[in-house]
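Here the structure is laid out as structure tokens; the discussion comes afterwards.
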2 protein chains.
Amino acid sequence: MTAKSMTRAAFFVLTALADQPRHGYGILREVDDLSDGEVQLRVGTLYGVLDRLTADGLIVLDREEIQQGRLRRYYRLTDDGVAALDTEAERMAAGAGAARRRIAEGRRAATRPAPQGPAGLEPSSAPGLAGGYA
Amino acid sequence: MTAKSMTRAAFFVLTALADQPRHGYGILREVDDLSDGEVQLRVGTLYGVLDRLTADGLIVLDREEIQQGRLRRYYRLTDDGVAALDTEAERMAAGAGAARRRIAEGRRAATRPAPQGPAGLEPSSAPGLAGGYA
DNA sequence: TCGATATATATCGGCTCTCGATATATCCTG
DNA sequence: CAGGATATATCGAGAGCCGATATATATCGA
């Protein structure tokens with residue numbers, strides 16, 4: 001939809017890896033933590049994302065450890081990964097800001113007594129109740 | 001992935017409608033405008049999104065006009081739509097902030113001389129070059 | 001006048017992504 | 001010993017987005 005902005009899952013995986021290398025299951029827990037439980041990255045989503053990010057060169061396999069009999073496969077961000085995450089964060093902040101500004105604009109329009117003068121883009125044949133939400 | 005956060009396309013449609021009612025093609029242009037050309041909402045995406053948002057009660061058909069022989073179908077946000085957009089904007093701002101903070105943390109870790117003391121979560125058997133991006 | 005471009009609607013097939021279920025295996029706790 | 005946490009991974013189903021396509025009118029330049 002956008003030029004080439006990443007998926008939500010990819011964004012949160014990169015965010016989880018931004019401070020230090022982590023393994024799959026650790027990413028799952030970290031995403032949950034850093035979002036105060038709001039974002040639940042699913043296991044079924046994780047490995048596909050990890051593969052895609054690796055293929056795109058945004059993350060790399062850092063190392064493999066065996067802790068208490070269980071394999072841990074650690075990933076870390078590449079420079080491209082950091083840059084991509086930074087860009088995406090900027091886009092999101094910009095989008096959030098735009099949305100909030102426009103909501104405020106909408107409220108002002110709904111409050112405004114009666115758009116009499118050069119009312120901008122409104123078609124002069126505007127029917128119904130001017131402005132205001134349903 | 002998240003509890004029930006909307007899609008990117010839905011977010012931008014709601015944002016485009018936040019200040020005033022618009023018709024389909026107008027939404028397309030407005031999304032392009034408000035994102036400085038960064039977000040290209042496609043025609044093939046639009047009508048599905050419009051239907052879904054209507055079904056979810058986040059937008060409603062405001063009115064229909066015939067301007068210069070062409071039908072224009074205007075949509076506007078409902079109160080639920082405004083609330084949903086506001087919530088989503090908050091989530092996005094939070095996500096963007098978290099990403100940026102963590103990138104900064106990662107850079108500090110990469111710069112830090114040598115993590116000697118109680119190094120937090122790092123496994124004590126940490127091999128390889130501590131921290132740092134590839 | 002003819003063709004291209006802009007405006008304006010809408011659908012469809014294909015592809016990608018996410019989810020839930022499932023599978024396997026170890027360790028810890030009750 | 002059972003259940004839950006840790007840890008990996010795959011698969012099918014469903015949802016969503018894109019590109020192509022279709023239809024129709026208005027405008028503008030060649």
Side-chain angles (χ1 to χ4, degrees), chain A residues 1-14 16-17 21-33 35 37-56 58-59 61-75 88 121 123, chain B residues 1-14 16-17 21-33 35 37-56 58-59 61-75 88 121 123:
Chain A
M1 199 204 81
T2 313
K4 46 172 186 50
S5 90
M6 68 187 67
T7 63
R8 241 185 268 274
F11 172 78
F12 280 106
V13 168
L14 292 186
L17 292 176
R22 290 176 199 278
H23 57 97
Y25 195 80
I27 294 172
L28 254 32
R29 279 189 282 103
E30 185 63 16
V31 168
D32 191 281
D33 276 15
S35 70
E38 284 229 358
V39 180
Q40 307 274 328
L41 184 60
R42 307 292 165 167
V43 189
T45 307
L46 178 66
Y47 294 98
V49 174
L50 249 23
D51 289 346
R52 237 174 302 138
L53 290 176
T54 300
D56 292 347
L58 302 187
I59 64 174
L61 182 61
D62 184 65
R63 67 187 187 276
E64 288 178 342
E65 284 178 15
I66 296 182
Q67 289 280 321
Q68 299 163 323
R70 297 190 210 90
L71 176 65
R72 286 182 176 177
R73 191 162 285 141
Y74 284 80
Y75 293 88
E88 186 66 15
L121 297 175
Chain B
M1 199 205 82
T2 313
K4 47 171 186 49
S5 88
M6 67 186 67
T7 65
R8 242 186 268 275
F11 171 78
F12 280 106
V13 168
L14 292 186
L17 293 177
R22 291 175 199 278
H23 56 98
Y25 195 80
I27 294 172
L28 254 31
R29 280 189 282 102
E30 184 64 16
V31 168
D32 192 281
D33 276 15
S35 71
E38 284 228 0
V39 181
Q40 308 274 329
L41 184 59
R42 307 292 166 166
V43 189
T45 306
L46 178 67
Y47 294 99
V49 173
L50 249 22
D51 289 346
R52 236 174 304 137
L53 290 176
T54 301
D56 292 347
L58 302 187
I59 64 174
L61 182 61
D62 185 64
R63 66 188 188 276
E64 287 178 342
E65 283 178 15
I66 295 181
Q67 289 281 321
Q68 299 162 324
R70 296 190 210 90
L71 174 65
R72 285 181 176 178
R73 190 164 286 140
Y74 285 80
Y75 293 89
E88 186 65 15
L121 298 174

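In what follows, every chain begins at residue 1, and chains take the letters A, B, ... in the order their sequences are listed.
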Which dot-bracket notation, 5' to 3', represents the base pairing of DNA chain D when pairs are defined as Watson-Crick or G-U with both distances under 3.5 Å, crossing pairs as [ ], and inter-strand pairs as |? ||||||||||||||||||||||||||||||
Take B:Thr54 and B:Leu61 through the side chain to side chain contact (heavy atoms under 4.5 Å, CB included) test and state the conclusion after the steps. CA-CA 8 Å; B:Thr54 301; B:Leu61 182 61; over 6 Å; no
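- Annotation: side chain of A:Met6 is not in contact with side chain of A:Asp56 (no heavy-atom distance under 4.5 Å).
- With sequence neighbours left out, A:Arg29 forms a side chain to side chain contact (heavy atoms under 4.5 Å, CB included) with A:His23, A:Tyr25.
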Show the numbers, then the answer: is there a side chain to side chain contact (heavy atoms under 4.5 Å, CB included) between B:Val13 and B:Leu50? CA-CA 8 Å; B:Val13 168; B:Leu50 249 22; 3.8 Å; yes
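- Not counting sequence neighbours, the partners of B:Thr45 by the side chain to side chain contact (heavy atoms under 4.5 Å, CB included) test are B:Ala9, B:Leu41, B:Arg42, B:Val49.
- Regarding A:Gln40, its CD atom lies at a distance of 22 Å from the P atom of C:dC17, rounded to whole Å.
- Looking at residues two or more places apart in sequence or on another chain, you find a salt bridge (Lys or Arg N to Asp or Glu O under 4.0 Å) between A:Arg73 and A:Glu64.
- Nucleotide D:dG16 holds its C1' atom 13 Å from the CG atom of B:Asp51, rounded to whole Å.
- Residues that satisfy the side chain to side chain contact (heavy atoms under 4.5 Å, CB included) test with A:Ser5, not counting sequence neighbours, are A:Thr2, A:Glu88, A:Arg91, B:Arg8.
- Formation of a donor-acceptor pair under 3.5 Å by the A:Arg22 side chain with backbone atoms of A:Ala16 is found in this model.
- Put simply, A:Arg42 has no side-chain N or O that comes within less than 4.0 Å of OP1 or OP2 on C:dT18.
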Nucleotide-resolved protein contact map, nucleotides 1-9 of chain C, B/S/- at heavy-atom distance under 4.0 Å: -----SBBB
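- The phosphate of C:dT16 has neither OP1 nor OP2 within less than 4.0 Å of any side-chain N or O from A:Arg8.
- The shortest distance between the side-chain N/O atoms of B:Thr7 and the OP1/OP2 oxygens of D:dC17 is below 4.0 Å.
- Here C:dT18 presents its P atom at 12 Å from CE of A:Met6, a figure rounded to the nearest Å.
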